[in-house]
Amino acid sequence: MPDRAPQPVERQLPTEEARDLVALVRDIVQREIAPRAAEQEDAGHFPRGIFTLLSEAGLLGLPYDSDFGGGDQPYEVYLQVLEELAAARLTVGLGVSVHSLACHALAGYGTKEQQSEHLPAMLGGGLLGAYCLSEPASGSDAASLRTKAVRDGGGTSPSGAESGGDWVITGTKAWITHGGIADFYTVLARTGGEGARGITAFLVPGDAEGLSAAVPEKKMGMKGSPTAQLHFDGVRVPDARRIGEEGQGFAIALSALDSGRLGIAACAIGVAQAALDEALEYATGRQQFGRPIADFQGLRFMLADMATQIEAGRALYLAAARLRDAGRPFSRQAAMAKLFCTDAAMKVTTDAVQVLGGYGYTADFPVERFMREAKVLQIVEGTNQIQRMVIARHLAGPETR
C-alpha cells in the first residue's frame with residue numbers, strides 16, 4: 001500500500017461564494033496558521049496578527065448582517081469555516097467562535113443606534129471580543145452569578161422605567177477566553193434580585209478604568225489562548241452600553257450559548273479531522289512486519305470508526321445549523337451536536353495517539369496536542385453533563401423538585 005496524503009474535506013456548500021470563502025480560508029491556513037501552530041502553541045504565543053488578518057479578510061463577522069460589516073453567511077457556512085480553522089489550530093478556531101459569541105448580544109438585541117455605533121468595528125474593524133458569564137463560584141449554575149451592576153445617576157422615562165446615567169460594575173469573572181487582551185467584553189451582571197430575571201447584559205470596553213485581568217491560567221492544552229479571571233473594580237459603563245432590557249440578560253446569554261455550542265461542535269470536528277489525517281498518513285507510511293500498519297485489520301477498523309464519528313458529528317452540527325438558518329428552534333439539536341462532537345473528538349484524538357504508538361506520545365507529532373486540546377471542548381460552553389440535562393428537559397420536561 002503506498003503512502004496516502006490526507007485529502008481536503010469534501011464540503012456541501014450552498015453557494016459559489018461559500019466555496020470561494022472556504023478556499024480563501026484554506027489558503028490562509030496553509031500559509032499563515034498551520035506552519036507555526038505547533039511552535040506557537042508550545043511557546044504559549046497568542047497569534048493576534050492572525051486575528052487581524054482574519055478581520056481584514058472579513059472572516060470575523062461571517063454570520064452577521066453586512067449592513068454592519070458582517071459577511072451575511074448562513075450558519076452552516078460559518079461553522080465549516082470554523083472547522084477548517086480549528087483543524088489547523090484550535091486557538092484560532094475557538095478564538096473566532098468566542099469572538100462571534102461576544103458579538104451575538106449586540107447584534108441580536110441591541111438598538112439600531114448601538115449596532116451602528118459599535119458593530120462595524122467589532123465585526124470587521126480589527127477588534128477582538130470576549131464573553132463574560134462564568135464566575136469563580138458560578139459555572140454550570142450561571143444564573144447564580146454575583147457580579148453586580150448598580151445604577152448611578154439617570155432619570156425616569158415617560159413609561160416609568162429608569163434611563164440614562166451610568167452603571168457601576170463590581171465583581172469577578174472567571175475562565176474568560178481572551179481575558180486581558182480583548183478589545184471589548186460582553187458582560188452579564190446582576191442588576192436586580194436573585195435568579196435569572198435579575199441579570200442584565202453590558203458591552204464593556206477592554207480599556208475601561210477599573211477593569212483588570214489576573215495572570216492567565218496554566219492549562220494542559222490551548223496554551224496559546226489566554227484564559228484569565230477578570231476583575232471589575234467599580235467599572236463605570238454608560239447606560240447606552242446596556243444591551244437589551246434590564247433583567248433580559250440571562251435570556252440573551254442562553255440564546256448566545258445555543259449558537260456558541262454549535263461553534264464548539266464545529267471546532268471539535270476540526271480537531272478530530274486533523275487527528276484522523278495525521279493517523280491515516282502515519283498508518284499508510286509506517287512499515288511493520290514487512291507491510292504498512294494500515295494493512296492490519298485491527299488498525300483499519302480503528303481508522304474506520306474514527307472517520308465514521310467525524311462524519312456523524314459533522315452531519316449533526318450542520319443539521320442544527322440549518323434549523324437555525326431557517327429560523328426554527330435548535331436548542332436541543334445544538335446541545336446534541338456539542339455533546340456528540342466533543343465526545344467524538346476526545347475519542348478520535350485518543351485513538352490517533354494509539355495509532356502512532358510511542359511516537360503519538362511525543363511532541364514530535366501533533367496528535368498529543370490534539371488530544372490535550374480536545375479535552376477542554378467537553379467542558380467549555382456548558383459541560384457535556386449540562387448538555388445531557390438540556391436534551392433531557394426537551395424530551396421529558398423540567399425535573400420535578
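- Of the N and O atoms on the side chains of Asp277 and Gln273, at least one donor lies less than 3.5 Å from an acceptor on the other residue.
- A salt bridge links Arg322 with Glu76; the closest basic N to acidic carboxylate O contact falls under 4.0 Å.
- Side-chain atoms of Gln40 and Arg89 form a donor-acceptor pair, as typed in the model, at a separation below 3.5 Å.
- For the side chain to side chain donor-acceptor pair (under 3.5 Å) with Lys347, the qualifying choice from Asp351, Thr349, Thr350 is Asp351, the only one to do so.
- Side-chain contact check for Leu123 versus Leu60: every heavy-atom pair is 4.5 Å or farther apart.
- The CG atom of Asp295 lies 14.5 Å from the CZ atom of Arg286; values are rounded to the nearest 0.5 Å.
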- Message: If you apply the rule side chain to side chain contact (heavy atoms under 4.5 Å, CB included), what do you find for Ser116 with Glu113, and how did you get there?
- Response: CA-CA 5 Å; Ser116 297; Glu113 293 76 13; 5.9 Å; no
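- We find the CD1-CZ distance between Ile293 and Arg300 to be 11.5 Å, quoted to the nearest 0.5 Å.
- Thr200 pairs by the side chain to side chain donor-acceptor pair (under 3.5 Å) definition with Thr191, not counting sequence neighbours.
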- Intermediate values then yes/no, side chain to side chain contact (heavy atoms under 4.5 Å, CB included), Asn384 and Thr342: CA-CA 8 Å; Asn384 282 6; Thr342 58; 2.8 Å; yes
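- With respect to Arg26 and Glu84, a salt bridge is recorded, a charged nitrogen being found less than 4.0 Å from a carboxylate O.
- With respect to the salt-bridge test (charged N to carboxylate O, under 4.0 angstrom), the residues Glu311 and Arg314 qualify.
- Salt bridge annotation for Arg369-Glu41: absent, with no cationic side-chain nitrogen under 4.0 angstrom from a carboxylate oxygen.
- To the nearest 0.5 Å, the span separating CD1 on Ile33 from CG on Leu85 amounts to 5.0 Å.
- The six-membered or imidazole ring of Phe46 lies near that of Phe51, with a centre-to-centre distance under 6.0 Å.
- For the residue pair Asp233 and Ser212, no side-chain donor N or O sits within less than 3.5 Å of a side-chain acceptor on the partner.
- Here the SG atom belonging to Cys103 is positioned 12.5 Å from the CZ atom belonging to Phe68, to the nearest 0.5 angstrom.
- Using a 4.5 Å heavy-atom cutoff, the side chains of His231 and Leu211 are not in contact.
- For Gln115 (side chain) and Ala107 (main-chain N/O), a donor-acceptor pair under 3.5 Å exists by modelled atom type.
- For the pair Gln287 (side chain) and Arg291 (backbone), a donor-acceptor distance under 3.5 Å is present.
- Checking each of Arg388, Lys338, Lys375 against Asp343 for a salt bridge (Lys or Arg N to Asp or Glu O under 4.0 Å) leaves exactly one that passes, namely Arg388.
- For CD of Glu217, the number of neighbouring non-hydrogen atoms (other residues, nucleotides, ligands) closer than 6.0 Å is greater than 12.
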- Between Glu16 and Arg19, does a salt bridge (Lys or Arg N to Asp or Glu O under 4.0 Å) hold up when you go through it step by step? CA-CA 5 Å; Glu16 188 63 35; Arg19 287 186 282 274; 3.1 Å; yes
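- Contact detail for Gln114 and Arg242: the closest heavy-atom pair is NE2-O, 2.7 Å.
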- Determine, stepwise, if the pair Gln333 / Tyr317 fulfils side-chain hydrogen bond (donor to acceptor under 3.5 Å, both in side chains). CA-CA 8 Å; Gln333 290 81 0; Tyr317 86 64; over 6 Å; no
- Message: Tyr75 vs Leu262, test: side chain to side chain contact (heavy atoms under 4.5 Å, CB included). Steps then yes/no.
- Response: CA-CA 9 Å; Tyr75 233 67; Leu262 292 182; 4.2 Å; yes
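- Using modelled atom types, one side-chain atom of Lys173 and one backbone atom of Leu133 make a donor-acceptor pair closer than 3.5 Å.
- Counting only heavy atoms from C-beta outward, the side chains of Thr186 and Leu106 never approach each other to under 4.5 Å.
- Listed for the Ser100 side chain is no donor-acceptor partner under 3.5 Å among the backbone atoms of Val96.
- Ion pairing between a basic and an acidic side chain is recognised when a charged N comes within 4.0 Å of a carboxylate O; Glu399 and Arg393 show such pairing.
- In this structure a side-chain-to-backbone donor-acceptor pair under 3.5 Å is missing from Ser66 to Gly69.
- Side-chain atoms of Tyr131 and Ile176, non-hydrogen and from C-beta on, never get closer than 4.5 Å to each other.
- Residues Phe250 and Arg197 fail the side-chain proximity criterion, which asks for heavy atoms closer than 4.5 Å.
- Scanning both residues, Ile252 and Ala201, for their nearest heavy atoms gives CD1-CB, 4.4 Å.
- Side-chain polar atoms of Arg190 and Thr147 form no donor-acceptor pair below 3.5 angstrom.
- Heavy atoms of other residues, nucleotides or ligands lying less than 6.0 angstrom from CD of Gln354 number 12 at most.
- Ion pair Asp166/Arg151 not flagged as a salt bridge, since none of the NZ, NE, NH1 or NH2 atoms sits closer than 4.0 Å to an Asp/Glu carboxylate oxygen.
- Taking a cutoff of 4.0 Å between a charged side-chain nitrogen and a carboxylate oxygen, Glu373 and Lys219 do not qualify as a salt bridge.
- Annotation for Ala272 and Ile310: closest pair O-CD1, 3.4 Å, computed over non-hydrogen atoms.
- Taking all atoms of both residues into account, the shortest heavy-atom contact from Ala337 to Ala265 is O-CB, 3.6 Å.
- Note that OG of Ser55 and CD1 of Ile50 are 12.5 Å apart. Values are rounded to the nearest 0.5 Å.
- Under the 3.5 Å distance criterion, with hydrogens and angles disregarded, a donor-acceptor pair is assigned to the side chains of Ser144 and Asp141.
- Side-chain contact between Arg48 and Leu128 is present, with at least one heavy-atom pair separated by less than 4.5 Å.
- Interatomic distance, CD1 of Ile269 versus CD of Gln80, reported as 11.5 Å (0.5 Å rounding).
- For the 3.5 Å distance criterion, the side chains of Asp152 and Trp167 fail to qualify, holding no donor opposite an acceptor.
- Checked for salt-bridge contact, Arg261 and Glu381 miss the test: no charged N lies under 4.0 Å from a carboxylate O.
- Scanning all heavy atoms of the two residues, the minimum distance from Tyr185 to Gly180 falls at OH-N, 2.9 Å.
- Aromatic ring centres of His178 and Phe184 lie farther apart than the 6.0 Å criterion allows.
- Taking the six-membered ring for Trp and thresholds of 30 and 60 degrees, His104 and Tyr109 have ring planes inclined between 30 and 60 degrees apart.
- Enclosure of atom CZ in Arg328 is not indicated, since only 12 or fewer non-hydrogen atoms of other residues, nucleotides or ligands lie within 6.0 angstrom.
- Closest non-hydrogen pair, Val92 versus Pro47, comes out as CG2-CG, 4.1 Å.
- Taking the side chain as every heavy atom from C-beta outward, Thr227 and Pro216 never approach each other to under 4.5 Å.
- For Arg241 (side chain) and Leu203 (main-chain N/O), a donor-acceptor pair under 3.5 Å exists by modelled atom type.
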- Quick one: do Gln229 and Trp175 satisfy side chain to side chain contact (heavy atoms under 4.5 Å, CB included)? Show the steps, please. CA-CA 6 Å; Gln229 288 192 357; Trp175 310 112; over 6 Å; no
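- Between Tyr359 and Asp364, the closest side-chain pair of non-hydrogen atoms is not below 4.5 Å.
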